[in-house]
Amino acid sequence: MISLQLSRIFSEMALMLEYKEENFFKINAYRQAARILRNIEDLERFISEDRLEELPGIGKNLREKILEYYRTGRIAEYEKLKGEIPLIIFDLLKIPGIGVKTAKQIFEVYRPDTLDEVESLAKAHKLKEIPGIGSKTEQQILVGIASAREWQEKIPVSLYSRNQTELLELIKSLPGVEKVSSTGSLRLKEEIIPYYHFLIVFNGSKEKFSELMENLGFKLLEQQDGMLFLAPEGFKVKIDFATFDSWGNKLFLTTGPESFVKAIGVLEKSFSDEEIIFKSRGLPYVEPELRTAEGVLEFLNEADTTDLITAADIKGDLHIHSQHSDGINSIKDLALAAQKLGYEYISINDHSKSLTVAKGLDEERLLAQIEEIEALNRELEGITVLKGIEVEILKDGSLDLPDKLLAQLDVVVASVHTGFKLPREEQTARIIEAIKNEHVDIIGHPTGRLLGRRDQYDVDVEEIIVQAAKYSTALEINSSPERLDLKDEYVNRARQEGVLIAINTDAHDTYRLANDLQFGVTVARKALLTKKDVLNAKDLNSLKKFLRRK
DNA sequence: GCCGTTTTCGGCCCGACTGTTTTCAGTCG
């Protein structure tokens, strides 16, 4: 957890240094360090073995700061900076299109303390009086504030997946708590939840429970059947109460969703266990995450939930970045990490040349990488590294590397990283052009959304699914919890059209390679995918057959 | 700040897009 906190501190420091107009490269160094630390699993080991400086982007100075934080729980320079920069700046920076320069301008002219004040200024058209800000930016700010308010109330999977265990343990440890389970949208593994939701058996009064929570810094917000608390960190926690006798009913009902509960029908008596409810209806147990799936009960008439894809069915990852572009690890490290996961193969798909910020590969560097992989495959045993690329789909639908070169690769993932605002027809057409390309195997993160940060681009997903089926191009479930792209409704449609789905991590380091797949698998299960629907559930030989299909 | 076909300072620095402007600044992937 310390690496996550440090990552947050360093990225805040980068912003603050930018505010102070420090050297660009210094700012970048903090940003880079934040990025590295975000995904380090075992920072403590690097600290205890005094190997911090082996981490890329960590030098003498940042090493000292990490150690300072490790020893004292604070970083003096961070706190000093924090005292110099107005808090409103951080809120403003969360608005898309607003960077440090604009935020600083707004602050220096009007000195607002809260987003509410900024909102009033925008509504009164005071902001566009500032040079460099016009009506469009003013409008953008209003939209941004509204959406920030909305998002304040929501917790995305990337966040809750990291906090829920700790929170569950905390509640479990309270005296008088005799049983506890996650429930509601948390238990359904929804991509976004309104609050953490737990069901407990508590030996004592509700007042007593509330007192225990308040001692931990939680504030009681609402009390009806259950209780809603505000955590010191700002998120909400809902607690529902059950008895051992009615545990099954309560767990089933609070888990939901409503449509599923309705389909199962009225519970005529008390069930101590949820599984008995399903048994009493002659149904197999339906795991919570599947209960949101459209058509899950119909599916159960024909098949078994054990047919659905699981993480154990995944034979390899077909979208991984190495240090050749913007990844952190070498290809060999990635291969060894994949081997530990029990994979049969992985594919290296670095960015292509026009994505310059990500050090995208041009023809020459890609050829060198191909050679490196071939050599590595001669050295490694038990895992095959496939040669790949994440090639840019340009605005006109062409790719930024020649077909002749793509033909030499095993796995071509084609993705959109620019031109998010193209009109719907053009956006759809460019992706379909890529789908038609005989070398393209997979369309990466097909809708471009970033959960809670950026909506999908305007695109006809239905048409993309139809064309992907027609040209036998696979679509990706990008498992990165920031993306989850395609989302489950679309994947369900794709399944019905017979489109193959690749569940990839798009990992930029070994940690995410190991950690993120679960999120994509959950999406796939919510879309009722079975092994035969998933490209990377194939063994290497069948996969190769697919890759040669066009 | 980090890094080094490195030996300790000098290089690191994309480029499209948008919104503000009449030639550019700011943002962002």
Side-chain angles (χ1 to χ4, degrees), chain A residues 6 9-37 52-66 68 75 77-78 81 89 92-106 122 127-141 143-144 321 323 325-328 350-362 365 390 392-396 400 415-423 426-427 430 444-445 448-450 453-457 478 480 482-483 485 506 508:
Chain A
L6 274 162
I9 288 174
F10 286 160
S11 61
E12 269 185 43
M13 284 181 84
L15 285 175
M16 296 191 284
L17 292 169
E18 201 178 341
Y19 185 86
K20 293 185 61 160
E21 294 170 44
E22 285 273 354
N23 176 293
F24 172 85
F25 301 102
K26 180 174 171 178
I27 296 166
N28 232 4
Y30 276 92
R31 212 155 262 157
Q32 186 65 13
R35 197 174 147 249
I36 300 288
L37 288 171
L52 280 174
E53 284 186 71
E54 284 176 28
L55 296 170
I58 306 296
K60 218 174 173 162
N61 191 301
L62 288 173
R63 168 183 177 270
E64 284 309 313
K65 290 204 167 55
I66 293 171
E68 181 186 355
I75 294 176
E77 194 179 326
Y78 167 73
L81 280 168
I89 296 293
L92 285 170
L93 287 175
K94 285 186 195 129
I95 299 172
I98 303 302
V100 170
K101 297 265 165 63
T102 311
K104 196 172 177 178
Q105 277 268 40
I106 293 174
L127 293 182
K128 66 176 182 183
E129 288 173 14
I130 300 174
I133 295 180
S135 19
K136 286 209 174 169
T137 307
E138 204 169 59
Q139 198 50 38
Q140 221 172 353
I141 288 173
V143 172
H321 294 271
Q323 60 190 192
S325 66
D326 59 349
I328 291 173
D350 277 312
H351 291 290
S352 60
K353 63 180 175 187
S354 45
L355 208 64
T356 45
V357 257
K359 291 194 292 170
L361 270 54
D362 59 15
R365 289 173 59 215
E390 181 179 19
E392 286 299 301
I393 304 176
L394 303 175
K395 277 197 178 169
D396 62 356
D400 76 337
S415 307
V416 165
H417 293 103
T418 55
F420 296 127
K421 292 195 172 159
L422 281 186
E426 283 176 52
Q427 195 68 271
R430 89 196 267 210
H445 43 75
R449 72 166 178 172
L450 293 176
R453 272 193 293 152
R454 188 176 71 207
D455 288 341
Q456 70 175 61
Y457 33 70
N478 191 293
S480 162
E482 286 88 18
R483 289 189 184 269
D485 182 9
D506 192 2
H508 287 64

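Protein chains get the first letters and strands the later ones, always in sequence-line order, with residue 1 at the start of each. Quick caveat, the model's predicted, so the values are computed rather than measured.
When the nearest nucleotides of DNA chain B are assigned to A:Pro56 and A:Leu355 by heavy-atom distance, the more 5′-ward of the two goes with A:Pro56. Between A:Leu55 and A:Phe420, it is A:Leu55 whose nearest contact on DNA chain B lies nearer the 5' terminus.
To the nearest 0.5 Å, atoms CG (A:Asp455) and CZ (A:Arg449) are separated by 9.5 Å.
Comparing B:dC13 with B:dC3, their P atoms sit 15 Å apart, to the nearest whole Å. Rounded to the nearest Å, the gap between the C1' atom of B:dC9 and that of B:dC14 is 25 Å. The separation of B:dA16 from B:dG11, taken at their C1' atoms, amounts to 25 Å, rounded to a whole angstrom. Taking atom C1' in both B:dC2 and B:dT7, the straight-line distance is 16 Å, to the nearest Å. Look at the P atom in both B:dG26 and B:dT21: the space between them is 13 Å, to the nearest Å. Taking atom P in both B:dT20 and B:dA25, the straight-line distance is 16 Å, to the nearest Å. Across B:dC28 and B:dT22, the matching C1' atoms stand 24 Å from one another, rounded to whole Å. With P as the reference atom, B:dT5 and B:dG1 are 23 Å apart, rounded to whole Å.
In this structure, the CD atom of A:Glu22 is 20 Å from the P atom of B:dC13, given to the nearest Å. Spacing between atom CG of A:Asn28 and atom P of B:dG11 amounts to 17 Å, rounded to whole angstrom units. Rounded to whole Å, atom C1' of B:dC13 lies 14 Å from atom CZ of A:Arg31. Per the geometry, NZ belonging to A:Lys26 stands 19 Å off P belonging to B:dG10, to the nearest Å. Distance A:Asp400 CG to B:dA16 C1': 14 Å, rounded to the nearest Å. To the nearest angstrom, C1' of B:dG15 lies 15 Å from NZ of A:Lys353. Between the NZ atom of A:Lys359 and the P atom of B:dC3 there is a distance of 12 Å, rounded to whole Å. Separating the NZ atom of A:Lys65 from the P atom of B:dC2 is a distance of 8 Å, rounded to the nearest angstrom.
A donor-acceptor contact closer than 3.5 angstrom links the side chains of A:Glu390 and A:His445.
Using a 4.5 Å cut-off on side-chain heavy atoms (C-beta onward), A:Asp396 and A:Arg430 make no contact.
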For a quick test of your reading: what N or O donor-acceptor pairs under 3.5 Å do the side chains of residues 92-104 of chain A make, sequence neighbours left out?
unit_1, atom_1, unit_2, atom_2, d
A:Lys104, NZ, A:Tyr19, O, 2.8
A:Lys104, NZ, A:Glu21, OE2, 2.9

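Not a single donor-acceptor pair under 3.5 Å links the side chain of A:Arg31 to the backbone N or O of A:Met13. Remark: side-chain polar atoms of A:Gln323 are paired, donor with acceptor, to backbone N or O of A:Ile328 under 3.5 angstrom.
Take A:Ala29 and apply the side chain to side chain contact (heavy atoms under 4.5 Å, CB included) test, not counting sequence neighbours, and it matches no residue.
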B/S/- contact track for nucleotides 17-27 of chain B, protein heavy atom under 4.0 Å: SSSS-----SS
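Using a 4.0 Å heavy-atom distance criterion, A:Tyr30 is classed as a sugar-phosphate-only contact. Using a 4.0 Å heavy-atom cutoff across all strands shown, A:Ile58 reaches sugar-phosphate atoms only and no base atom.
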Derivation of the salt bridge (charged side-chain N to carboxylate O under 4.0 Å, His left out) call for A:Glu77 and A:Lys65: CA-CA 9 Å; A:Glu77 194 179 326; A:Lys65 290 204 167 55; 3.1 Å; yes
